[in-house]
Each structure stands twice: as structure tokens, then as C-alpha cells.
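Before any comments, here is the structure.
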Amino acid sequence: MGKLNIHRLQETLNYLESKQRELKRNAQYDTRSTESMIKYLKKDMIEQFKLTEHLFYIKQESKDTEVFIKNVKDIIEWYPDFF
């Protein structure tokens with residue numbers, strides 16, 4: 001069960017990273033829908049995988065997607081047995 005959850009978290013993180021790259025690439029265009037999707041993905045990841053149990057400040061830093069991505073990668077590395 002743990003490996004499956006880590007895999008799901010990693011897949012979700014990969015998708016979030018791709019959307020963040022897309023947002024950067026298309027910065028001069030209307031990116032509200034991509035920004036909304038990124039916001040939703042981060043909120044969903046925090047709730048679904050209970051990420052605040054690992055890093056209490058992750059919610060505070062979730063406004064900065066780059067920092068959020070780094071923190072989730074750290075959680076995967078530090079707590080592989082939790083999931």
C-alpha cells in the first residue's frame with residue numbers, strides 16, 4: 001500500500017511540475033486556467049496525502065509552486081514509509 005501511495009504522489013507531483021513549466025512558458029498569455037489548475041492540484045495534494053503531517057509549514061508556502069514542489073520531493077525522500 002505504501003509504494004502505491006508514493007507512486008501516486010510522485011505522478012501527481014510530475015503533473016504539477018509539467019503545469020508549472022507550462023505556466024512559465026506561456027507567461028505572456030492568459031494563464032488563469034493553468035494557475036487555477038495548479039492551485040487546485042496543490043490543495044488536493046495537501047489534503048489527499050496529508051502533507052501537513054510531514055511539513056507543518058507546507059500550506060503557508062504553497063503559494064510559491066517552486067517551493068511547494070521542492071517540499072513535496074523532500075517529503076517523498078524523507079518519509080517513504082509513511083505512505
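Residues take their numbers from the sequence shown, with the count starting at 1. Quick caveat: nothing in here was measured; it's all calculated off a predicted structure. Side chains included, hydrogens not; waters and symmetry mates left out as well; all remaining heavy atoms used.
Atom-to-atom distance recorded for Phe68:CZ and Met45:CE is 4.5 Å, nearest 0.5 angstrom. The CG atom of Asn71 lies 11.5 Å from the CD atom of Glu66; values are rounded to the nearest 0.5 Å. Rounded to the nearest 0.5 Å, atoms OG (Ser18) and CD1 (Ile38) are 8.5 Å apart. Rounding to the nearest 0.5 Å places CG of Leu41 at 11.0 Å from OG1 of Thr34. In this structure, CG in Asp44 is found 14.0 Å from NZ in Lys39, a value given to the nearest 0.5 Å. Annotation: the span from Tyr15 atom OH to Met37 atom CE amounts to 4.0 Å, rounded to 0.5 Å.
The hydrophobic clustering, which links ILVMFWY residues whose side-chain heavy atoms are closer than 4.5 Å, places Tyr29 and Leu23 apart. Residues Trp78 and Ile6 fall within the same hydrophobic cluster, defined by Ile, Leu, Val, Met, Phe, Trp and Tyr side chains chained together at heavy-atom separations under 4.5 Å.
Residues Gln10 and Asn14 have side chains that bring a donor and an acceptor to within less than 3.5 angstrom of each other.
Remark: Glu35 does not engage Lys19 in a salt bridge, criterion side-chain N to carboxylate O under 4.0 Å.
A side chain to side chain contact (heavy atoms under 4.5 Å, CB included) with Phe49 is found for one member of Leu9, Ile76, Leu13 and no other, namely Leu9. Screening Lys70, Glu17, Lys24, Lys42 against Thr65 for a side-chain hydrogen bond (donor to acceptor under 3.5 Å, both in side chains) leaves a single residue, Lys42.
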Exercise for review: Test salt bridge (Lys or Arg N to Asp or Glu O under 4.0 Å) on Lys73 and Glu77 and set out the steps.
Suggested key: CA-CA 6 Å; Lys73 286 181 178 181; Glu77 183 180 327; over 6 Å; no
